[in-house]
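One structure below.
Note that the structure is a prediction, hence the values are computed from the model and not measured. Just so it is clear, the values below take in all heavy atoms, side chains as well, and ignore hydrogens, waters and symmetry mates.
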Amino acid sequence: MTDVSMTQNRADVLPERPPSAVETRSGRPMTRWLLVAVALVLAALAWLRFGGPHPWLETAPGWLQTAAAAIGTGTGEEEGPRAPRAASVVPVAVAQVTIRNVPVEFRSVGTVEAVETVAIRARVDGVVERIMVEDGAQVKAGDVLVELDEKPIQAQIDEQEANVRRDQAQLDNARRLLARTTDLAARGATAKQSLDDATTNVAALTAALAAGEARLRSLQLELAHHRVTAPFDGRIGRLAVSLGTVVRGSDTGSTIATLNQIDPIYVAVGVPQNLLGDLAAADNARIEVPLPGSGEMRQGEVTMVENEVERGTGLVTVRAQIKNNDQRLWPGTVLDARLVLRDEPNALVVPGNAVQISQTGSFVFVVDQENKARVVPVTVSRAAGDDMVLAEGPPAGTTVVTDGHIRLVDGTTVQIQKSEQGLEARR
């Protein structure tokens with residue numbers, strides 16, 4: 001207990017240690033000033049290593065010149081005079097300006113449509129007795145699709161045929177009676193009224209027979225309507241009836257099936273109204289589309305233009321008929337379509353990625369015989385797919401840069417790495 005008290009008394013007697021210099025600088029550690037000093041030294045070394053010539057070293061002591069030389073060259077040996085830097089060579093891809101026939105076209109989304117489409121309905125009342133086709137079948141014009149029960153209508157036909165035979169017999173008898181009455185009247189053996197009655201009876205029976213025959217023809221036509229047939233060649237959709245279904249001729253909503261004509265087939269494209277003049281002047285306008293799932297193209301001549309422009313869009317629908325005997329095009333399919341109005345011969349063409357745009361207009365980089373890139377202004381007429389048609393530009397056969405423009409200025413030396421049109425690389 002006494003030792004502890006003595007220790008505490010000694011601690012009270014010891015003087016308090018004054019704060020060090022490190023702790024008196026606004027409370028900031030000395031490490032910050034060391035980092036600043038290291039950064040200044042590194043900056044000085046970098047300036048000596050990578051900076052330009054230092055004239056002040058000529059009057060400096062020898063040991064300082066030797067140290068600066070060692071830092072500048074990375075070794076302790078003196079560096080000889082610096083060689084000038086070689087001019088940079090930029091690798092580029094090139095193509096040639098060409099002259100060829102280029103179509104004047106309009107690209108848009110096209111929709112495949114059936115040339116003819118019809119909802120097949122029954123014309124008479126009846127019960128479906130037989131179904132002659134399968135869902136989605138290919139049918140020919142006149143093929144029977146569905147047969148209705150014919151027994152009720154056949155009974156009416158039999159009855160009407162009997163009525164016609166009865167009327168015919170009555171008419172034959174009336175004609176014989178008219179002949180006898182006419183002979184008697186000529187001899188004055190009968191009254192004139194009897195002749196008039198016989199004549200009227202023949203006329204009435206003739207009319208009755210004609211009405212009976214017309215009724216018979218109507219029933220026979222109704223019998224034919226009990227066999228629902230395809231009105232044209234095409235592909236049928238899913239049948240909406242089955243055996244025993246009651247159909248009615250007066251029910252406009254009762255559809256048996258839908259039939260589409262798909263060979264030939266329409267491709268419809270919405271064209272801006274400002275192209276109607278060019279379309280009217282075109283002699284052989286056509287629409288081209290790729291077949292789904294392949295790069296094969298199909299085309300057909302424009303066969304119709306809608307008779308009005310859609311008010312909401314300003315577009316007019318143009319349709320072309322395209323052969324589709326292999327049924328590769330299907331109604332409702334959406335395709336990238338191209339309306340070709342005409343072919344422009346001898347057009348000056350460059351790849352689209354060769355044309356650059358600046359504040360002064362469009363230009364291309366032309367590679368001259370010394371493998372130097374030269375800026376040549378161009379006037380672009382229109383786009384043709386991935387190419388550009390020029391109204392003014394370098395002549396055909398000129399080599400133009402298609403890739404690598406970002407590092408080019410007028411006069412830059414280039415190295416051709418790739419030619420899009422068979423030019424050999426020049427090194």
Side-chain angles (χ1 to χ4, degrees), residues 113-178 199-266 324-325 327 330-332:
E113 300 176 353
V115 174
E116 298 286 350
T117 183
V118 61
I120 299 175
R121 302 185 180 94
R123 298 186 182 184
V124 295
D125 298 344
V127 178
V128 177
E129 187 176 51
R130 286 196 297 175
I131 296 177
M132 309 301 293
V133 295
E134 297 180 354
D135 293 342
Q138 182 74 29
V139 297
K140 298 289 186 181
D143 287 352
V144 178
L145 308 179
V146 171
E147 288 186 355
L148 305 180
D149 186 8
E150 299 178 352
K151 291 187 288 293
I153 189 65
Q154 188 62 56
Q156 295 181 45
I157 291 175
D158 294 342
E159 179 183 2
Q160 188 61 30
E161 287 177 344
N163 292 335
V164 169
R165 288 194 298 269
R166 180 198 61 197
D167 292 342
Q168 184 65 56
Q170 291 176 353
L171 178 60
D172 292 342
N173 181 60
R175 285 173 177 170
R176 289 191 295 269
L177 180 59
L178 176 61
T199 302
T200 302
N201 190 35
V202 169
L205 290 174
T206 301
L209 178 60
E213 291 176 341
R215 172 62 179 163
L216 178 60
R217 288 193 300 271
S218 176
L219 292 174
Q220 290 172 341
L221 180 61
E222 187 174 344
L223 175 63
H225 290 164
H226 279 65
R227 310 181 82 187
V228 181
T229 59
F232 49 79
D233 296 355
R235 184 172 289 274
I236 201 166
R238 184 178 183 275
L239 294 171
V241 297
S242 56
L243 295 177
T245 302
V246 177
V247 296
R248 301 189 181 279
S250 59
D251 186 3
T252 58
S254 178
T255 300
I256 295 176
T258 300
L259 179 64
N260 288 332
Q261 179 184 347
I262 57 177
D263 182 31
I265 201 165
Y266 273 144
N324 192 37
N325 53 357
Q327 299 184 7
W330 215 249

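The shortest side-chain heavy-atom distance between Ile256 and Val228 falls under the 4.5 Å cut-off. Residues Val241 and Val247 form a side-chain contact, since some pair of their non-hydrogen atoms from C-beta on lies under 4.5 Å apart. Between Ile120 and Thr255 there is no side-chain heavy-atom pair separated by less than 4.5 Å. Side chains of Leu205 and Arg175 form no contact here, defined as non-hydrogen atoms less than 4.5 Å apart. For the pair Val146/Leu148, a side-chain contact is recorded, criterion being any heavy-atom separation below 4.5 Å from C-beta on.
Here Leu178 contributes atom CG and Asn201 contributes atom CG; the two are 9.0 Å apart, rounded to the nearest 0.5 Å. Once rounded to the nearest 0.5 Å, the distance linking CG of Leu145 with CG of Leu259 reads 7.5 Å. From Asn324, atom CG reaches atom OH of Tyr266 across 14.0 Å, with rounding to the nearest 0.5 Å. Rounded to the nearest 0.5 angstrom, Thr258 OG1 and Leu239 CG are separated by 10.0 Å. Taking CD from Glu150 and CZ from Arg130, the interatomic distance works out to 8.0 Å, rounded to the nearest 0.5 Å. The NE2 atom of His226 lies 11.0 Å from the CD atom of Glu147; values are rounded to the nearest 0.5 Å.
Side-chain polar atoms of Glu159 and Asn163 form no donor-acceptor pair below 3.5 angstrom. No side-chain donor from either of Arg235 and Gln261 sits under 3.5 Å from a side-chain acceptor of the other.
When atom types are taken as modelled, the side chain of Glu113 and the backbone of Pro331 share no donor-acceptor pair closer than 3.5 angstrom. Side-chain atoms of Thr245 come within 3.5 Å of backbone N or O of Ser242 as a donor-acceptor pair. Checking side-chain atoms of Glu213 against main-chain N and O of Val164 turns up no donor-acceptor pair under 3.5 Å. In this structure, Asp158 contributes its side chain and Ala155 its backbone to no donor-acceptor pair below 3.5 Å.
By the 6.0 Å contact criterion, CZ on Arg248 is open, its count of non-hydrogen atoms from other residues, nucleotides or ligands being 12 or less.
Heavy-atom minimum distance, Ala230 versus Val139: CB-CG2, 3.9 Å. The shortest non-hydrogen separation linking Trp330 to Ile265 is C-CD1, 4.4 Å. The shortest non-hydrogen separation linking Ile262 to Gln327 is CD1-CD, 3.6 Å. Asp125 and Ser250 get closest at one heavy-atom pair: OD1-N, 4.3 Å.
Lys151 has a carboxylate O that lies under 4.0 Å from a charged side-chain N of Glu129, or vice versa, which qualifies the two as a salt bridge.
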Return a table of donor-acceptor pairs under 3.5 angstrom between the side chains of residues 216-223 and protein atoms on other chains or two or more places apart.
none

